[in-house]
Amino acid sequence: HCEIIVNVQKSHSVAFARYLTPFLNLFHSSLMCIVGVTENGKPTTINSGGLQLCSNDPFAISFLSFLANVVGSSSKYIEMDGVKTELAAFFTPLRVQSLSRILLQLFSFYIVPPSKDEANEQVNNTNDHDDDFEGNDDLVQWQDDPEAFYLWETHRCSDENVGSAAQNLFLALVESSSPPLSCCSKVTLSFLANLLGNVVSQRLAVEIECGISTGLPCEIVSSALPLGPPAANLWHGAKNVEIDLILQWDAMFLAAGLIGGISLEGYGPGGGGGGG
């Protein structure tokens with residue numbers, strides 16, 4: 001039923017305007033719950049139901065797609081004062097920043113092995129426990145053939161993948177710079193810029209990945225996480241905080257690259273600044 005709501009809003013955005021607020025509240029709160037964070041974006045203390053979010057979770061994809069479609073179609077409501085007020089009241093700077101933080105975590109959560117031993121055990125037992133492993137076959141491919149995984153990743157679809165759906169919503173927030181959501185772009189870009197300015201954390205991530213810094217206490221690495229501790233339902237509760245640190249930086253650089261890509265598109269053929 002969630003997918004039906006997403007399709008109706010996308011196809012009939014103006015007619016759907018009267019239902020925006022209740023579904024925005026429902027889908028946003030449901031997304032926070034399924035990811036494992038509170039309404040203000042703080043990780044919950046325990047994993048809800050003991051389940052890890054899978055990369056192809058249809059509910060998470062629907063929630064992300066709905067929010068992205070609403071943000072992307074916000075210009076259609078520019079003459080509808082009531083709807084403009086409702087959207088501005090929902091997409092507050094605090095909520096946009098909290099949402100941006102979660103989206104960055106969703107960019108690459110699915111490829112993180114909980115630990116080397118547990119990841120190897122999962123891969124080795126996949127044939128014996130196909131039902132239990134359903135939705136995590138991307139982890140197997142990442143372990144067996146990273147290059148093939150990268151090629152698959154570049155062609156993944158936002159209708160089938162949580163990470164891609166999160167990227168779409170993040171870019172929608174970045175590109176939404178006109179009323180009624182004029183704050184979204186400024187808040188999201190400022191948030192990312194501040195994160196990228198954390199030189200100490202970035203250097204530590206590089207040193208860990210290159211093997212320069214090893215065996216550091218968990219407390220030190222945890223304090224350097226630019227996005228803070230992972231949400232409860234991502235990454236098996238962050239059993240490997242060093243991988244969390246590396247992939248958080250990977251997600252932020254990916255976000256910067258995506259923003260650069262859409263900026264270049266605006267200056268390409270047919271764009272606003274193609275004069276060179």
Side-chain angles (χ1 to χ4, degrees), residues 1-42 44 48 53 56-107 157-192 231 233-234 255 258-259 262:
H1 298 313
C2 292
E3 188 176 354
I4 295 175
I5 299 299
V6 173
N7 291 333
V8 170
Q9 190 282 326
K10 184 176 181 179
S11 302
H12 309 283
S13 53
V14 175
F16 193 87
R18 71 183 70 180
Y19 308 110
L20 274 180
T21 296
F23 278 107
L24 279 172
N25 287 316
L26 175 62
F27 281 15
H28 176 267
S29 61
S30 299
L31 176 64
M32 296 298 102
C33 179
I34 204 172
V35 169
V37 296
T38 61
E39 277 294 306
N40 60 1
K42 301 294 184 181
T44 56
S48 60
L53 180 65
N56 61 353
D57 187 282
F59 294 105
I61 291 171
S62 291
F63 302 152
L64 291 164
S65 298
F66 180 82
L67 291 170
N69 291 340
V70 171
V71 173
S73 62
S74 60
S75 60
K76 297 181 180 180
Y77 307 124
I78 200 165
E79 302 297 333
M80 305 172 69
D81 293 337
V83 178
K84 285 170 56 180
T85 301
E86 291 177 2
L87 287 176
F90 181 84
F91 288 99
T92 62
L94 183 61
R95 177 170 279 165
V96 171
Q97 179 172 312
S98 171
L99 184 57
S100 298
R101 183 185 301 275
I102 295 301
L103 295 177
L104 288 172
Q105 290 194 21
L106 288 173
F107 275 20
C157 174
S158 61
D159 293 335
E160 302 171 351
N161 185 272
V162 172
S164 291
Q167 291 176 22
N168 277 0
L169 176 52
F170 188 87
L171 289 180
L173 292 171
V174 168
E175 293 184 289
S176 182
S177 57
S178 58
L181 301 181
S182 53
C183 81
C184 291
S185 179
K186 182 178 179 180
V187 170
T188 305
L189 289 173
S190 297
F191 175 63
L192 180 61
N233 294 349
L234 307 182
L258 291 172
I259 293 170
I262 61 175

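The figures that follow rest on heavy atoms only: side chains count, while hydrogens, waters and symmetry mates do not.
- Nearest heavy atoms, Pro93 versus Val187: O-CG1, 3.6 Å.
- Counting only heavy atoms from C-beta outward, the side chains of Ser65 and Lys10 never approach each other to under 4.5 Å.
- We find the OG1-CD distance between Thr188 and Glu175 to be 11.0 Å, quoted to the nearest 0.5 Å.
- Rounding to the nearest 0.5 Å places OG of Ser30 at 10.0 Å from CE of Met32.
- Taking CG from Leu173 and CG from Leu181, the interatomic distance works out to 8.5 Å, rounded to the nearest 0.5 Å.
- In this structure, Val6 and Ile61 have side chains that are not in contact, with every pair of non-hydrogen atoms separated by 4.5 Å or more.
- The ring-ring contact (aromatic ring centres under 6.0 Å, His included) test applied to Tyr19 returns Phe16, not counting sequence neighbours.
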Open item on the list: Let's go through Leu258 and Val174 carefully: what are the C-alpha distance in whole Å and the side-chain angles of both, what is the deciding distance for side-chain contact (heavy atoms from CB on, under 4.5 Å) to 0.1 Å, and is it a yes or a no?
Closed with: CA-CA 10 Å; Leu258 291 172; Val174 168; over 6 Å; no

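- Residues Phe63 and Cys2 come closest through the heavy atom pair CE2-SG, 3.9 Å.
- Summarising the geometry of Ala255 relative to Phe107, their closest heavy-atom pair is CB-CE2, 3.8 Å, with the distance given to 0.1 Å.
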Task: Check against side-chain contact (heavy atoms from CB on, under 4.5 Å), Leu103 and Leu64 - done: CA-CA 9 Å; Leu103 295 177; Leu64 291 164; 3.5 Å; yes

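- Separation of atoms CG (Leu171) and OG (Ser176) is listed at 12.0 Å; rounding is to 0.5 Å.
- For Ser100 (side chain) and Val96 (main-chain N/O), a donor-acceptor pair under 3.5 Å exists by modelled atom type.
- Side-chain contact between Gln167 and Leu106: absent, with no pair of heavy atoms (C-beta onward) separated by less than 4.5 Å.
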List the atom pairs, with distances to 0.1 Å, where a side-chain N or O of residues 81-90 and a protein N or O form a donor-acceptor pair under 3.5 Å, not counting sequence neighbours.
from: Lys84; atom 1: NZ; to: Ile78; atom 2: O; distance (Å): 3.4
from: Thr85; atom 1: OG1; to: Asp81; atom 2: O; distance (Å): 3.0
from: Glu86; atom 1: OE1; to: Thr21; atom 2: OG1; distance (Å): 2.7

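- Taken to the nearest 0.5 Å, the CZ atom of Phe27 stands 11.5 Å off from the CG atom of Leu20.
- Side-chain atoms of Ser73 come within 3.5 Å of backbone atoms of Asn69 as a donor-acceptor pair (strictly under, hydrogens ignored).
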TODO: Applying side-chain contact (heavy atoms from CB on, under 4.5 Å), run through Phe23 and Val70 and close with a yes or a no.
DONE: CA-CA 10 Å; Phe23 278 107; Val70 171; over 6 Å; no

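- The side chain to side chain donor-acceptor pair (under 3.5 Å) search around Ser62 returns none, not counting sequence neighbours.
- For the atom pair CG (Leu99) and CZ (Arg101), the distance works out to 11.5 Å, reported to the nearest 0.5 Å.
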TODO: Begin with the C-alpha distance, continue with both residues' side-chain angles, and end with the deciding distance and a verdict on side-chain contact (heavy atoms from CB on, under 4.5 Å) for Leu104 and Phe191.
DONE: CA-CA 11 Å; Leu104 288 172; Phe191 175 63; 4.0 Å; yes

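- A side-chain donor-acceptor contact under 3.5 Å links Ser74 to the backbone of Val71.
- In terms of heavy atoms, Ser13 sits closest to Tyr77 at O-OH, 2.8 Å.
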